[in-house]
Each structure stands twice: as C-alpha cells, then as structure tokens.
Participant: 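Once you've had a glance at the structure underneath, I'll fire off some questions.
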Amino acid sequence: MSSVVPRHVSNDDHPLRLADIASTVYNNKDRPFQYADLAFDELPQSAQKFLTDTTNLFPLSSIQPDLYFPMMLQVRKARQERLVRTLEGVHRSIVAGMLATSTPADNREDRSKHLFDLQSVLIPEWRSHLDAYVDEIDALIWFEMATRKGTRWEQSLEQSLREREEDVQRMLEFALQCLQMINDKESEGHISDRESDVSDSDGQWVPVNGHVGIRGGLN
C-alpha cells in the first residue's frame, strides 16, 4: 500500500526546508480505502490486531448509543495523543537536521551527511508514522461501518470516505503544525547562538507543551 506522503524529496545539495515537506505531503488518490465489504478475517493482520488487542473494540454485538459513541471518541482521541508523542522526537531530529544543512559549514561532507539522513532516514520514518495512523483510521472506519450497518446510525461508504479524507487532512495539517512549532522554537535558539549545537549530545530534547499553532508560514 502506498504512502500518503510521496517518496520523492529533492536529492540535491541544497538545504531542505519545511516547505519542501509541506509541498509533497498528500494526495488522496495515493492512499485509497481498501476495506469496504471485507469481513473481519479478510482485513490485514495489522488491522485485526488494532481492533482486538490494541483497542479492544472487536467484537461488538450491539450498539448502545450512550456507550458506543463516547467509546469511539475516546479511542480516536487516544490514538491522536499517541501520534503526538510518537512524532515529537522525529520532529526534533528533522529540525536539527534542517538547521545543520542551512548553516554555512566548512565541512561539505558533514552537511551532505545531514541532508542524506534527512531524506533517507528521518523523513521516511516520519512518513511511516503517518502511514500507520492512516491504517488506524481505516480500521476504525471499517469497524464503524460494520457495527452501524442495519441500524438507525448506518453510514454510507461515500460519507465515510468524505470523513476519512477530512481526518487524514487534519492529521497532516496537525503534524506539520507540530513540526513548524518545533522549528520556530529551535530556530530562535539557533539564531541567538550560532556556535551552539542544536541538539544535546545524547539526542534528548526539552519537551514542548501540547498546544499547537503556526507562527507565520512554512519556511
């Protein structure tokens, strides 16, 4: 299954910018929903495990509205929070790499190494976390369509796909907002002290709060 984020990133020796990532993040035709009309045992093993072991959603014999809808909301919220925690370390490493490639350096090999790590390691890792989250969205869509079928809350495939596209777009916007926020914070420190390293030697970073916002555009 293809990624929501295209694999191609410029491989020249110019600094990689947030705009380079933002300009290639999403095409809904690259990641179609493939679970429609499947039985549970026909789903990918990862989706089955997510619905059983990870979330304990499946099996569900009947819908009790006062329990079902709050349960689904809680599951989605928990997965969103997990994505935030998962992405934070990758975001900091990406920002550190971008700062390293944008700073004048005498050692061209070091700069090229940072650029290679960004394109070949960090951005693919970032992408893989987003892909995994889309897989979870798809599993939840399948679950809701299956459990609501034949009830007053039944939802058409068309409506589910519209909501899916909105969910994926919100996820991507949120991920880019988090990346922008960390970039803004670390860039300020980088500018104020050009000779300081942008990361600690052990790779640890000071956590940021959970509030997300964009200051200015993607640089």
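The structure displayed is predicted, hence computed values, not measured ones.
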Participant: Main chain of Arg170, side chain of Glu173: is a donor-acceptor contact present, judged purely on distance under 3.5 Å?
Facilitator: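 Flag not set: sc Glu173 to bb Arg170 has no pair under 3.5 Å.
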
Participant: Could you tell me if the side chain of His129 sits less than 4.5 Å from the side chain of Glu125, heavy atoms only?
Facilitator: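 In short, these two side chains touch, coming nearer than 4.5 Å.
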
Participant: To the nearest 0.5 Å, how far apart are CD in Gln48 and CD in Glu42?
Facilitator: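 The CD atom of Gln48 sits 9.5 Å away from the CD atom of Glu42.
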
Participant: Do Tyr35 and Pro44 have side-chain heavy atoms sitting under 4.5 Å apart?
Facilitator: yes

Participant: Please state whether the rings of Trp153 and Phe69 are parallel, tilted or perpendicular, taking 30° and 60° as the class boundaries.
Facilitator: perpendicular

Participant: Would you check if Leu83 and Arg79 make a side-chain contact, meaning some heavy-atom pair closer than 4.5 Å?
Facilitator: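 Not touching, per the 4.5 Å side-chain cut-off.
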
Participant: Within the structure provided, determine whether Leu157 and Asp37 are in side-chain contact (heavy-atom separation under 4.5 Å).
Facilitator: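 A side-chain contact is absent here, since even the closest heavy-atom pair is not under 4.5 Å.
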
Participant: Rounded at 0.5 Å granularity, tell me how far CG in Leu115 sits from NZ in Lys113.
Facilitator: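 So the CG of Leu115 and the NZ of Lys113 are separated by 11.5 Å.
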
Participant: Hey, what do you get for CE (Met72) to CD1 (Ile63), rounding to the nearest 0.5 Å?
Facilitator: 9.5 Å

Participant: Taking all non-hydrogen atoms of both residues into account, name the closest pair between Tyr68 and Phe143 and its distance.
Facilitator: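 Closest pair (atom of Tyr68, atom of Phe143, distance): CE1-CE2, 4.0 Å.
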
Participant: Give, for atom CD of Gln177 and atom CG of Asn183, the distance between the pair rounded to the nearest 0.5 Å.
Facilitator: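 Gln177 atom CD to Asn183 atom CG measures 14.0 Å (nearest 0.5 Å).
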
Participant: Would Gln34 and Asp138 count as a side-chain contact (heavy atoms from CB on, under 4.5 Å) here? Give the steps.
Facilitator: CA-CA 8 Å; Gln34 297 181 325; Asp138 285 353; over 6 Å; no

Participant: Between Thr101 (side chain only) and Met98 (backbone N and O only), is there a donor and an acceptor less than 3.5 Å apart?
Facilitator: yes

Participant: Does the side-chain contact (heavy atoms from CB on, under 4.5 Å) test come out yes or no for Thr147 and Leu57, once each step is laid out?
Facilitator: CA-CA 10 Å; Thr147 53; Leu57 289 174; over 6 Å; no

Participant: Could you report the tightest heavy-atom contact between Leu38 and Trp142, atom names first, then the distance?
Facilitator: O-NE1, 2.8 Å

Participant: Using side-chain contact (heavy atoms from CB on, under 4.5 Å), reason through Gln169 and Glu165 one step at a time and then give a plain yes or no.
Facilitator: CA-CA 6 Å; Gln169 189 60 39; Glu165 184 172 348; 5.6 Å; no

Participant: Has Asp66 got more than 12 heavy atoms of other residues, nucleotides or ligands less than 6.0 Å from its CG?
Facilitator: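 Check passes, neighbour count above 12.
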
Participant: Quick one: closest heavy-atom pair of Leu118 and Pro124, and the distance?
Facilitator: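 What the structure gives for the nearest pair is O-CD, 4.0 Å.
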
Participant: Give a yes or no on whether the backbone of Gly150 and the side-chain of Glu154 come within a donor-acceptor separation of less than 3.5 Å.
Facilitator: yes

Participant: Check Glu144 with Arg76, please: is the shortest side-chain N to carboxylate O separation under 4.0 Å?
Facilitator: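 Result for this pair is yes, salt bridge flagged.
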
Participant: Shortest non-hydrogen contact from Tyr133 to Met171?
Facilitator: CD2-SD, 3.0 Å

Participant: For the pair Arg162 and Asp167, find out whether any cationic side-chain nitrogen is under 4.0 Å from an anionic carboxylate oxygen.
Facilitator: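 Here Arg162 does not pair with Asp167 in a salt bridge, since their nearest N and O are not under 4.0 Å apart.
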
Participant: Would you sort out whether Thr55 and Glu136 count as a side-chain contact (heavy atoms from CB on, under 4.5 Å), showing the intermediate values?
Facilitator: CA-CA 10 Å; Thr55 61; Glu136 294 179 358; over 6 Å; no

Participant: Can you tell me how far the CD atom of Gln155 sits from the CD1 atom of Ile141, to the nearest 0.5 Å?
Facilitator: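 Answer for the CD-CD1 pair, Gln155 versus Ile141, is 8.5 Å.
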
Participant: Any side-chain heavy atom of Glu81 within less than 4.5 Å of one from Val84?
Facilitator: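 Side-chain contact under 4.5 Å: no.
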
Participant: Closest approach of His114 and Gly97, non-hydrogen atoms and distance?
Facilitator: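 Taking every non-hydrogen atom into account, CB-O, 4.3 Å.
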
Participant: Treat each ILVMFWY residue as a node, draw an edge where side-chain heavy atoms are under 4.5 Å apart, and state whether Val90 and Phe116 are in one component.
Facilitator: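 Each belongs to a different hydrophobic cluster.
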
Participant: To the nearest 0.5 angstrom, please state how far the CG atom of Asp117 sits from the CD1 atom of Ile94.
Facilitator: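 Separation between the atoms: 11.5 Å.
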
Participant: Could you check if a side-chain atom of Leu99 sits within less than 4.5 angstrom of a side-chain atom of Glu186, using non-hydrogen atoms only?
Facilitator: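 Yes - at least one pair of side-chain heavy atoms lies under 4.5 Å apart.
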
Participant: Going only through I, L, V, M, F, W and Y residues with side-chain contacts under 4.5 Å, is there a path from Ile137 to Phe40?
Facilitator: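 Ile137 and Phe40: one cluster.
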
Participant: Where do Ala139 and Phe50 come nearest, in terms of heavy atoms and distance?
Facilitator: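 Closest approach of Ala139 to Phe50, heavy atoms only: CB-CD2, 3.7 Å.
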
Participant: Taking the inter-plane angle between the rings of His91 and Trp126 on a 0 to 90° scale, is it parallel (under 30°), tilted (30 to 60°) or perpendicular (over 60°)?
Facilitator: tilted

Participant: Do Gln159 and Glu163 come within less than 4.5 Å of each other through their side chains, counting heavy atoms only?
Facilitator: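 Answer yes - side chains close enough.
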
